[in-house]
Amino acid sequence: MSSELTSRIVIVGAGAAGLWAAGRAARALAARGETGGVLLIEKTPRTGSKVLASGGTRCNLTTTLGPAEAAKLFGHAGERFLKHAFRALPPQAVRARFAELGVPTEEAPLEKVFPVSGRAVDVRDALEREAREAGARIEFEAGVEFVRRVEGGFEVELAGRRMARCERLVLCAGGKSYPKTGTTGDGYRWIADLGLPLVDPVPALVPLKSPEAWARELTGIALQNAEARLVDAERRVLGKRRRPLVFTHHGVSGPAAMDLSVHVARGRATAQKNKQTPPCYTLELDLAPGIERERLRLLLIEAAGKPGNPVLGRALGELLVAHGAEVLPRRLFARIAAQACIDVDVRANGLDKEQRHNLVESVKSFAVLIDGTLGWDEAEVTSGGLSLDALDPATMQVKAIEGLFVCGELLDLTGPIGGLSFQSAFATAELAARAVVG
């Protein structure tokens, strides 16, 4: 053994959660006159690699939503679990804390919050500076091989035959998304080796793939106000989101599609595990979410009576815009017409009752077949991880192992795009930091 590191508290993973926990725990110890009690271990040569890459290098670091609203977006189990964390560190407190650290924030559309500078590096630098100034030590290029329970605490075996020993251990090594930043899912093995329950990780907040050739022909068309519903083969609605989306040469991307991707990834992973045929899904787009079906039918009848008998595509576009929906590009209208089984060049008064019904359904439930996601390389976060039932939600301590804490993306928590993942990371790290100092 070439060297040994010892510390009262060891934190594994210098990402958003790890940096926050290190700074807060070290600051709490310093206030009691204790120094050098926090060691932060990072496998890569720098801290916060994923923070630097987030939000197009702008870092959407939290949300404008209140704590209760934000927690609801994590689903029923996630909402119940995060109640304590979001009460202890609500989104407003995250913003206030970054302002104290010299990183003022500003609001953006879709409940997003960014640093005023527009630089993710400012967020990372502030977190690292705070951790160091509080007294935390940071050990780089220290990949963890094993985590063991020993008398009086834990041993963390590092690459290069080094060992770190501690009384209390905080695991926040991230998930498997963005593996090029160093988050390759190492923590899941440690969790399993410790005998803790693990929900199989799958990629989340990731673009969707479609086998439809026509979908690729719509590449570049963006919709700002459509409602997306993900439907399975039994016609069950697995989720819906009203957010921007864009057609790509792979299928569909943008927040509306990516927020629903976890259902696709989870369903296909389960089928693969059980050696079943992978399921397919349908992404149904309501292209006029502010207009009820019956109202749209009446508007089409009204358009048919307009002077000049306009082409249907133009007439439909005008009435949608007049009632708060967005313009439908011609390429998209051609696919709407195809799904409705009507001629793309038909006149507004050329529809019979059945065709009008089909057109209304096509506008309100424009269907895109989905057969997968773009996987880990394109995923923003991981769904799955340590089962929430294994933790005390008020402290982030593992119920079965005293002195072991887990926070951040290693937990089975999945929220939508919009700063929710960072909010969860900071809030769970805040609770862990408070509890780990004892």
Quick one, F146 with F154, criterion ring-ring contact (aromatic ring centres under 6.0 Å, His included). Give me CA distance, side-chain angles, the key distance, then yes/no. CA-CA 10 Å; F146 297 99; F154 302 88; over 10 Å; no
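Side-chain contact annotation: T6 with R165, donor-acceptor N/O pair under 3.5 Å absent. With hydrogens and angles left out, the side-chain atoms of R266 and S261 include no donor and acceptor closer than 3.5 Å. The closest side-chain donor-acceptor pair between R95 and T64, if any, does not fall under 3.5 angstrom.
A donor-acceptor pair is defined here as one N or O able to donate and one able to accept, closer than 3.5 Å; such a pair exists between the side chain of S177 and the backbone of E380. Although no hydrogens or angles enter the test, the distance criterion places no donor-acceptor pair under 3.5 Å between the side chain of R434 and the main chain of A429.
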Name each donor-acceptor pair under 3.5 Å that joins a side chain in residues 396-403 to protein atoms two or more places apart or in another chain, with its distance.
residue	atom	partner	partner atom	Å
Q397	OE1	G403	N	2.6
K399	NZ	D389	O	3.1

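In this structure, I191 CD1 and D186 CG are separated by 11.0 Å, a value rounded to the nearest 0.5 Å. Remark: M258 CE to I417 CD1 distance equals 4.0 Å, nearest 0.5 Å. Residue T63 holds its OG1 atom at 8.0 Å from CD of Q423, rounded to the nearest 0.5 Å.
Under the 4.0 Å criterion applied to side-chain N and carboxylate O atoms, R241 and D259 are assigned as salt-bridge partners. Ion pairing of R295 with E292 is absent here, as no side-chain N (NZ or NE/NH1/NH2) approaches a carboxylate O to less than 4.0 Å. Under the 4.0 Å criterion applied to side-chain N and carboxylate O atoms, K83 and E79 are not assigned as salt-bridge partners.
The two atoms that bring R243 and P255 nearest to each other are CB-CB, 3.9 Å, heavy atoms only. Taking every heavy atom of both residues into account, V436 and A25 meet most closely at CG1-CB, 4.1 Å. Between A228 and L260, the shortest heavy-atom distance links the atoms O-CD1, 3.7 Å. When every heavy atom of A14 is checked against every heavy atom of L40, the shortest pair comes out as CB-CD2, 3.7 Å.
Remark: aromatic rings of F98 and F426 are close, center separation under 6.0 Å.
Of the listed residues (E157, E139, E4), just one forms a salt bridge (Lys or Arg N to Asp or Glu O under 4.0 Å) with R162, and that residue is E139.
For the ring pair (Phe, Tyr, Trp, His ring centres under 6.0 Å) test, no residue two or more places apart in sequence or in another chain qualifies with F114.
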